[in-house]
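Right, one structure below, let's go through it.
Residue numbering restarts at 1 for every chain, and letters A, B, ... go by the order of the sequence lines. Basis for what follows: all heavy atoms, side chains included, without hydrogens, waters or symmetry-related copies.
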Amino acid sequence: MDAHKLKQCFPILTSQPLIYLDTAASSLTPKRVIATMNEYYTEYPVNVHRGVYQISYKATERYTAARQTIADFINADYEETVFTRGASSALNLIATSYGLNNLTANDEIIVSELEHHSHILPWQQVAKKTGAKLIYVPLNSEGRITTENFKKVLSDQTKVVALTYISNVMGYQTPLEEIIPLAHQKNAIVSVDAAQAAPHKTIDVKKLNCDFLAFSGHKMLGPTGIGILYGKRELLDKLEPVEFGGDMNDQVNLYDAVWKETPYKFETGTPPIAEAIGLAEAVRFLQELDPEAILNHEIALKQKAVEALIKLEGVTVYNPTSETGIIAFNLDGVHPHDAVSFFDQENIALRAGHHCAQLIIQWLKVPATLRASFYAYNTHEDVDTFIEVVKKARDFFTSVGF
Amino acid sequence: MDAHKLKQCFPILTSQPLIYLDTAASSLTPKRVIATMNEYYTEYPVNVHRGVYQISYKATERYTAARQTIADFINADYEETVFTRGASSALNLIATSYGLNNLTANDEIIVSELEHHSHILPWQQVAKKTGAKLIYVPLNSEGRITTENFKKVLSDQTKVVALTYISNVMGYQTPLEEIIPLAHQKNAIVSVDAAQAAPHKTIDVKKLNCDFLAFSGHKMLGPTGIGILYGKRELLDKLEPVEFGGDMNDQVNLYDAVWKETPYKFETGTPPIAEAIGLAEAVRFLQELDPEAILNHEIALKQKAVEALIKLEGVTVYNPTSETGIIAFNLDGVHPHDAVSFFDQENIALRAGHHCAQLIIQWLKVPATLRASFYAYNTHEDVDTFIEVVKKARDFFTSVGF
Amino acid sequence: MQQLENLYRQIIMDHYKNPRHKGLIDSDRYRTHHIKNPSCGDDITVQSAVKDGIVKDVRHDGSGCSICCSSASVLATLMIGQNIDSAQKLTDNYLNMIMNRPVDENLDLEDALAYQGVKQFPARIKCATIAWKAFEQTLKEWSDNDE
Amino acid sequence: MQQLENLYRQIIMDHYKNPRHKGLIDSDRYRTHHIKNPSCGDDITVQSAVKDGIVKDVRHDGSGCSICCSSASVLATLMIGQNIDSAQKLTDNYLNMIMNRPVDENLDLEDALAYQGVKQFPARIKCATIAWKAFEQTLKEWSDNDE
Ligand SMILES: Cc1ncc(COP(=O)(O)O)c(C=O)c1O
Ligand SMILES: Cc1ncc(COP(=O)(O)O)c(C=O)c1O
C-alpha cells in the first residue's frame with residue numbers, strides 16, 4: 001500500500017495542505033465513492049422496489065447488489081445485513097428489539113467503560129426498563145478489557161454481552177475471539193460495536209460467531225447517513241421490527257399487518273439508496289486496499305509517533321500499547337481545545353474532547369483528551385510533521401504561560 | 001415557471017428521452033443539489049460537532065445552517081426541526097415516543113384509509129400495545145377525508161389524529177385547516193404526514209397549528225437518507241428520545257445520563273451531514289421556484305391529462321378531482337404491471353402497484369393502480385405524449401387479447 | 001413495439017385468460033410453496049404431487065400480472081408427467097433461458113418457449129420466474145424427503 | 001503563529017490562571033444562568049446580583065478551555081459597578097467585536113479587548129462568548145422582573 005499514491009484518491013488531500021488525523025471520527029471520502037453516488041443522482045435518481053420501469057429497475061439492482069457486497073465484506077448472508085441510519089441506530093435496534101423483549105430483572109448485561117455512548121446508553125435504557133443489571137467488566141491497569149476480567153463478571157445471569165471491537169479512544173482490540181465462546185457457554189448473546197473495526201479489519205462474522213454487530217459508512221470511506229446491522233439469521237427471524245410502515249410489510253389490513261422477512265422487516269420507508277450504493281463502492285475500495293495492509297500501515301505510523309511522543313517532556317500518552325492507529329494524549333496543563341487550535345493553524349486535524357466515550361475519559365481521570373488517528377492515507381512524513389508540531393505546540397503554550 | 005428551462009437543471013432529463021411521471025415516489029435530483037453534496041464530500045468531508053479544526057467547523061456551520069433553512073421553509077423553529085432517516089422514521093418517532101407514553105385503553109386514534117403504510121402501521125402498533133382504539137374516518141364517495149365525516153368520529157376519547165396532508169394515491173388534500181382546530185377542542189394532538197405536501201405546498205406549521213409533521217428529502221428535490229420531523233417545542237421538550245447514544249446527551253455516568261435539549265436529544269450518532277446540506281439546497285431551489293407556482297403548474301398538467309383520459313374508452317381514472325399532480329388510473333382489464341412495461345418502452349416512467357397504501361387500494365376494490373404524478377419539470381408536451389401512449393397501450397393490449 | 005409483441009405472445013395470453021390446473025388442493029399428497037415478490041406484488045402458490053418419481057400433478061393459485069399468472073399455468077402443463085430429474089432439468093433450462101444464460105437446446109420447453117421475449121425486459125424477469133422457483137422448492141422437498 | 005500569540009494574550013492567561021470572582025453564591029440576590037456548549041464541552045454558569053439598577057456582583061464557575069474560563073473572569077471584572085444599561089451595551093459591543101461586526105469605539109471594554117484575536121479563530125468564537133451570553137441572560141431576567 002502506497003500512502004502517497006493513495007492520497008491522490010482523496011480530493012480534499014490534493015486540494016490543500018492537510019494532515020488529517022481524525023479518521024476515527026470520520027474517514028475522508030475517495031473520489032470513486034463520490035463518483036458512484038453522483039452516478040446514481042445523475043443517471044438513475046429514482047426509488048427502488050415496486051418500480052417496473054428501466055431506471056427504477058437499475059436502481060433496485062444496484063441497491064440489491066450493494067447489500068450483497070457489504071454482506072460479503074463481513075461474511076454475512078444477504079438476509080443478515082440490515083441497512084440503518086448509522087452504527088448508533090443499529091446498536092439501538094439491537095437493544096430495543098432484542099433487549100426489551102428478552103430481558104428481565106433476573107438478567108445481567110455485561111458492558112464496559114470503553115464503550116462509545118451509542119453502545120452503553122441503549123443498554124442503560126434496557127436495564128432501566130426491564131430491571132436487568134448493568135455489569136461493567138473491570139478494566140485492567142492499561143484500560144483494557146481482558147478475558148481474565150471478563151470471566152470475573154460472566155455469570156449464569158449474563159444474558160447479553162455488549163462490547164466494542166476496537167475502542168475509539170484507546171484503540172485497544174477486545175479479545176472477542178476468546179470472550180464470545182465463553183459468553184455462549186452461558187447462553188448469552190453478544191453484541192459487537194464494530195464502528196472502529198470495519199475500516200481496519202477483515203471482519204468475519206461467521207468465524208467471530210458474534211450474534212449482532214454494527215458499523216457506520218462514514219468511518220470506512222463511505223457516505224454519511226448509512227450504517228449496517230448484522231444479526232444472525234435465526235435471531236433476526238425472531239426479532240420484532242422497531243419501525244413500521246411502507247416496504248416492511250407484505251399485507252396491510254385495517255387493524256393488522258404481516259411483516260416481510262429479514263432484512264426488509266427492519267427497513268421501513270425509502271431506504272438510503274445513494275448511500276447504500278456509495279458504501280458498496282467504499283467496500284470494494286477497502287477490499288482492494290486490503291484491510292490487513294491498512295491496519296499494518298497505520299500501526300507502523302502510530303508506533304513511530306508514540307515512540308517519539310513518549311520521549312517528549314510535557315506530553316502524556318494514555319494508550320502507548322494500542323494496536324490500531326489511535327493515539328490518546330494531552331499536552332500537560334493545556335486544555336485540549338486550546339491545543340487543537342494550534343494544530344489547526346499548522347493544518348493538522350485532530351480531535352479534542354471526550355469522543356462520545358465519557359466513561360473511559362472519567363476512568364483516565366482527565367477532563368478530555370486529544371486524539372490523533374492514523375489511517376491508510378497518512379504517511380511517515382505526516383508523522384514527522386505531527387511530532388514537530390507537538391513540540392512546537394508544547395513550547396508555545398509554555399511560553400504564553402500555560 | 002418555465003418547465004422547459006427547468007428540465008435543464010436535471011441531469012437525467014438532459015441525457016436521455018424520459019418523461020418522468022413518478023415524482024410521487026421520488027423526485028429527480030437537480031444539478032445544484034448534487035453539486036452541493038459533492039462540495040461537502042470533496043472540500044470538507046468530516047464530522048460535525050466537537051470538531052474544533054477549521055474544516056470541521058465549516059461542516060458544523062453548514063450543517064447548522066441547513067437545519068435553519070429547512071426550519072424556515074416550514075416556519076418552524078430550529079429546535080422544532082429534527083433530522084431523521086426519512087418520513088417513515090419521523091412518523092414512527094411520533095407514534096413510539098408520544099403514542100406509547102401517552103395513550104391508554106380509553107383513548108382513540110383517528111386515522112384514515114388514505115394513509116401511507118408509514119402513517120398507519122405505527123399507530124396500529126400503538127393501538128396494540130396500549131389498548132387504544134384505532135378509528136377510521138369514513139371516506140366520502142370520492143375517497144376523500146371530509147370535515148363532516150371527521151366530526152362523526154371525533155369524540156371526547158380522541159387523543160391522537162393522524163392524517164395525511166396529501167394522499168400519495170389519490171392526490172387529495174385533507175382539510176386540515178378545519179380539522180386541526182376541531183381536534184384541539186378535544187385536546188387531541190394532530191400528526192400530519194406531509195411527505196406529499198412538502199414538494200408542492202408552502203407549509204406553515206405555525207398557521208396550520210399541527211402538533212407534529214413529517215416529510216422526506218428524496219421527494220422534494222433532495223437526497224435519499226434524510227427526513228424531517230417537526231414537533232411543537234413544548235411537545236418535543238416533554239418527549240422521550242427513542243434512540244440513545246453519542247451526541248444526544250450532555251453527561252454520561254455509569255448508570256444514567258442526561259439528555260441534551262431538542263432537537264439534539266432525538267438525534268443520536270453521526271447525523272446525515274451531506275444529506276442535510278443537500279436538502280437545504282433543495283429547499284432553496286424550491287423556494288426560488290415557489291411551491292405555489294409548482295402546484296399550479298402540476299395541477300394544470302394533471303387537469304389537461306384527466307380531461308383527455310376520461311374521454312377514452314377502456315381507461316378508468318379513480319381521482320378525477322384530485323387537487324395535485326397525481327392521477328390514479330388503470331387500463332381496463334390490464335394488470336398495471338403489464339401496462340407499465342408498455343409505458344417504459346415509450347420512455348415514460350409510471351408507477352404500478354399499491355403505492356404503500358393498500359387500504360385505499362382495497363377501498364377502490366382494485367388489485368393495484370397505475371399512478372402518474374406530474375411535477376414542476378413536466379411540460380404540456382409530456383402530457384400530450386402521455387395521452388398518446390395511453391391510447392397506444394390500450395390498443396396494444398386489446399390487440400394481444402387482454 | 002416489436003419487443004412487446006414478442007413478450008405478449010398468443011400462447012401466453014391464452015394461458016393467462018384460460019389458466020390450466022388452477023386452484024389449490026388440500027391434501028398431503030401435495031407439497032406446497034408460496035412466493036411473494038415484494039417488488040411488484042406478484043403472489044403465487046404452487047403445489048406438486050410426486051409419486052414413484054413422477055410428477056403426478058401441479059396446481060397453482062395467486063395473483064399478479066399476465067406474465068406471472070400465465071407462467072404458472074404453462075409450468076403445470078409442462079411438468080405433469082415428467083420424472084423428477086427431467087422436471088428439474090426443464091426448470092433449470094427455463095430459468096437459464098429467461099436469464100439469458102446458455103440453454104440446452106435438446107430439451108423441449110414446449111409452450112414455455114414463448115417466454116423468450118422476457119429477457120428483453122429485465123424488470124419482468126421476476127414475474128416470469130416466480131412460479132418456477134416455487135415449483136423448484138416443492139421438488140426440493142420431495143427429494144429431501146427421499147419422496 | 002502570529003495569530004495564536006494574538007489569541008493567547010498575557011491578560012487572558014492571567015485571568016485563566018488567576019480567575020477573579022470565581023465560585024457561585026447560593027442566594028436569591030443572584031440570578032443564575034448555565035450554558036453548555038455541546039460542540040466542545042465548555043460548561044459555564046454565570047451569576048449576577050443587581051440592585052438599584054447597578055450590577056453589584058458577578059460570579060462564575062465551570063470548566064472549559066482557557067478562552068472560555070478566562071473570559072468569564074474578565075466579564076466579571078468589567079461588569080461589577082456598571083448600570084444595567086451600560087452592562088448590556090458593553091456585552092453587545094464585546095459580542096460584536098468577537099463576531100467581527102461594527103463596534104462602538106467609545107465604549108471601553110478594558111481587559112476584554114484582549115479577545116480581539118478570537119475573530120481569527122471562528123471555531124473558538126463560542127468559547128469566547130459563552131460566559132457573556134449567560135451573563136446577558138441573567139441581565140434579561142433582571143429587566144424582565146423590573147428588578
Ligand atoms: C404520503 C406518504 N407518506 C409517507 C411516505 C414515506 O416516505 P419515505 O419512504 O421517504 O419514508 C411516502 C412515500 O412513499 C408518502 O407518499
Ligand atoms: C466505537 C464507536 N461506536 C459507535 C460509533 C457511532 O457511530 P455513528 O456516529 O456513525 O452512529 C462510533 C463513532 O463515533 C464509534 O467510534
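- Within 6.0 Å of the NZ atom in A:K128, the count of heavy atoms belonging to other residues, nucleotides or ligands exceeds 12.
- Other residues, nucleotides and ligands contribute at most 12 non-hydrogen atoms within 6.0 Å of the CZ atom of D:R29.
- The shortest distance between side-chain heavy atoms of A:D338 and D:Y8 falls below 4.5 Å.
- Among residues 9-28 of chain D, the residues having any heavy atom closer than 4.5 Å to a heavy atom of chain A are, in sequence order, D:M13, D:Y16, D:K17.
- Heavy-atom neighbours of chain A within the stretch residues 66-74 of chain D, taken at a separation under 4.5 angstrom, comprise D:S66, D:I67.
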Side-chain donor-acceptor pairs of residues 87-95 of chain A under 3.5 Å, sequence neighbours excluded:
| residue | atom | partner | partner atom | Å |
| --- | --- | --- | --- | --- |
| A:S88 | OG | A:S118 | OG | 2.7 |
| A:S89 | OG | B:E243 | OE1 | 3.4 |
| A:S89 | OG | B:E243 | OE2 | 2.7 |
| A:N92 | OD1 | B:F244 | N | 2.8 |
| A:N92 | ND2 | A:S88 | O | 2.8 |
| A:N92 | ND2 | B:F244 | O | 2.8 |

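- Of all heavy-atom pairs spanning D:C65 and A:H335, the tightest one is CA-CG, 3.6 Å.
- From D:Q3, atom CD reaches atom OG of A:S341 across 11.0 Å, with rounding to the nearest 0.5 Å.
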Please tabulate, one pair per line, all N/O donor-acceptor pairs under 3.5 Å involving side-chain atoms of residues 393-402 of chain A, not counting sequence neighbours.
| residue | atom | partner | partner atom | Å |
| --- | --- | --- | --- | --- |
| A:R394 | NH1 | A:E313 | O | 2.8 |
| A:T398 | OG1 | A:R394 | O | 2.7 |
| A:S399 | OG | A:F396 | O | 2.7 |

